[in-house]
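First comes the structure, then the notes that go with it.
Reckoned from all heavy atoms, side chains included, excluding hydrogens, waters and symmetry mates. FYI, the numbering just counts along the sequence from 1.
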Amino acid sequence: MGNHTKKVGICGKYGTRYGATLRKVIKKMEVTQHATYGCTFCGKNAVKRQATGIWKCGRCKKTMAGGAYVLSTSAAITVRTAITRMRKSKGIEV
C-alpha cells in the first residue's frame with residue numbers, strides 16, 4: 001500500500017506535480033464528487049455520483065440529474081428559491 005498522506009489527502013496521488021494551488025482546487029472537487037449526499041426521495045444519505053451530472057441513490061435506486069461535482073449546484077438552489085418565491089406570491093400551492 002502507499003504511504004499515508006496527512007495534509008494532502010486524496011491528492012497525494014499527484015505527488016509534487018502540478019503546483020500546490022491547483023492540487024488544492026482538485027482536492028476540493030474530488031472530495032465533493034466522492035462524498036455521499038442525502039436523497040430527496042427516501043431521505044437516506046445514500047446518493048453517489050455515477051458519471052458527470054448523474055447521481056443515483058443506492059437505497060431507493062432513483063437516478064437524478066445534478067451538478068458535475070456536487071448533487072445540487074448553487075445556481076440550482078437560486079433557481080429553486082426564485083420559483084418557490086414566485087409560486088408563493090401567485091398563491092399556487094405545490
Side-chain angles (χ1 to χ4, degrees):
M1 296 298 287
N3 292 337
H4 176 74
T5 58
K6 190 172 187 178
K7 292 183 183 178
V8 293
I10 198 167
C11 286
K13 60 187 174 185
Y14 299 119
T16 59
R17 297 180 298 275
Y18 313 116
T21 307
L22 289 176
R23 285 195 314 266
K24 285 176 191 170
V25 171
I26 293 296
K27 179 181 179 181
K28 186 177 169 189
M29 279 192 275
E30 287 191 2
V31 165
T32 54
Q33 83 179 25
H34 291 118
T36 56
Y37 291 90
C39 181
T40 55
F41 298 100
C42 67
K44 291 290 182 180
N45 195 27
V47 179
K48 291 203 56 103
R49 182 179 184 256
Q50 296 290 106
T52 307
I54 301 171
W55 299 81
K56 188 171 185 178
C57 178
R59 186 170 179 264
C60 65
K61 306 294 187 230
K62 292 268 189 183
T63 305
M64 50 203 110
Y69 305 110
V70 211
L71 177 60
S72 186
T73 61
S74 57
I77 294 169
T78 305
V79 169
R80 197 177 306 126
T81 55
I83 290 171
T84 306
R85 193 179 325 110
M86 288 195 302
R87 278 187 179 151
K88 191 181 281 188
S89 69
K90 297 254 185 187
I92 301 170
E93 289 295 320
V94 179

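Summarising the local packing, OH of Tyr69 is surrounded by 12 or fewer heavy atoms from other residues, nucleotides or ligands at distances under 6.0 Å.
Closest of all the heavy-atom pairs between Trp55 and Val47 is CB-CG1, 3.7 Å. When all heavy atoms of Lys48 and His34 are compared, the closest pair comes out as NZ-O, 3.3 Å. Heavy atoms only, all atoms of each residue included: Lys27 and Lys7 are closest at NZ-O, 3.1 Å. Pairing each heavy atom of Ser72 with each of Arg80, the nearest pair is OG-NH2, 3.4 Å.
The main-chain N or O of Thr32 is found under 3.5 Å from a side-chain atom of Tyr37 such that the two form a donor-acceptor pair. Checked by atom type and distance alone, the side chain of Arg23 pairs as donor or acceptor with a backbone atom of Arg17 at under 3.5 Å.
Residue Gln33 holds its CD atom at 6.0 Å from CD of Glu30, rounded to the nearest 0.5 Å. Rounding to the nearest 0.5 Å places NZ of Lys88 at 14.5 Å from CD1 of Ile83. Here Gln50 contributes atom CD and Lys56 contributes atom NZ; the two are 5.5 Å apart, rounded to the nearest 0.5 Å.
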**Message:** Does Met64 form a side-chain contact (heavy atoms from CB on, under 4.5 Å) with Cys39? I'd like the steps, not just the answer.
**Reply:** CA-CA 10 Å; Met64 50 203 110; Cys39 181; 4.2 Å; yes
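Under a hydrophobic clustering in which Ile, Leu, Val, Met, Phe, Trp and Tyr are joined whenever their side-chain heavy atoms come within less than 4.5 Å, directly or via other members, Val31 and Met29 fall into different clusters. The hydrophobic clustering, which links ILVMFWY residues whose side-chain heavy atoms are closer than 4.5 Å, places Val8 and Val25 apart. Follow the hydrophobic side-chain contacts under 4.5 Å out from Leu71 and you never reach Ile54; the two are in separate clusters.
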